[in-house]
Amino acid sequence: MGILKSWPSSVVLIFAAALSWSPGRALGADQRSDVLPYKVNLDQAEALANIALEMVDDGAWLEGGLDDDGRFYGYWAYAVHGNGHYAEVAVNPWTGDVWDVWKCKKIKKLELQAAQKTLKEINFSEREDLLYANLSMRRPICLKDW
């Protein structure tokens, strides 16, 4: 348990979610990848979105899940004292990359990158590692695409 104390809490959360993953919690047979099954489950995607948006326990919450075409997990962030949502992110179900849908840019934060690295190490075999760069280039449908 000593090594876990030195890791950021988000990495421990992602690691715990990865260990608790089972095919029954995955997204089912209609996964939309011609390459390989999803590597990030719903709980992990939500944890990554929380890290990316720096969600704090002040009444803010996320709502979302797998998008209609099965290419990304989509999340909307809401604040307790606001009208509507204040952010929208998409999480790549293979790499865990988190995109700001309004700006159409990947969100890059040290804590987020550490969690994504942990997921990659846990979920990708050496052979699958070759596909990682290609999967990481996928982007969600962004606001500018509408």
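Since we're looking at a predicted model, the values are computed, not measured.
When all heavy atoms are compared, the tightest approach of Val98 to Ala52 is CG1-CB, 3.6 Å. Arg71 and Tyr38 make their closest contact through N-OH, 4.4 Å (heavy atoms, listed as atom of the first residue, atom of the second, distance). Taking all atoms of both residues into account, the shortest heavy-atom contact from Ala77 to Leu53 is CB-CD1, 3.7 Å. Closest approach of Trp94 to Leu135, counting heavy atoms only: CB-CD1, 3.8 Å. Considering all non-hydrogen atoms of both residues, Ala115 and Ile51 come closest at CB-CD1, 4.1 Å.
Thr95 contributes atom OG1, which lies 10.0 Å from atom NZ of Lys120 (distance to the nearest 0.5 angstrom). Atom-to-atom distance recorded for Lys106:NZ and Gln113:CD is 10.0 Å, nearest 0.5 angstrom. Between the CH2 atom of Trp99 and the SG atom of Cys142 there is a distance of 6.5 Å, given to the nearest 0.5 Å. Here the OH-CG distance, from Tyr75 to Asp67, works out to 10.5 Å after rounding to the nearest 0.5 Å.
Counting heavy-atom neighbours within 6.0 Å of Lys109 NZ, excluding the residue itself, gives a total above 12. Other residues, nucleotides and ligands contribute over 12 non-hydrogen atoms within 6.0 Å of the CG atom of Leu130.
Listed for the Gln44 side chain is a donor-acceptor partner under 3.5 Å among the backbone atoms of Asn41. Judged purely by atom type and a 3.5 angstrom limit, Asn50 has no side-chain atom pairing as donor or acceptor with the backbone of Glu54. Within the 3.5 Å criterion, the main-chain N or O of Trp76 finds no donor-acceptor partner in the side chain of Glu88.
Side-chain contact between Leu48 and Leu112 is present, with at least one heavy-atom pair separated by less than 4.5 Å. Residues Leu119 and Val40 are in side-chain contact: their nearest non-hydrogen atoms beyond the backbone lie under 4.5 Å apart. For the pair Phe72 and Asn92, the minimum side-chain heavy-atom distance is below 4.5 Å.
Take Glu128 and apply the side chain to side chain contact (heavy atoms under 4.5 Å, CB included) test, not counting sequence neighbours, and it matches Leu36, Lys39, Phe124, Ser125.
Of the candidates Asp97, Asp145, Val101, Asp145 is the only one forming a side-chain contact (heavy atoms from CB on, under 4.5 Å) with Arg139.
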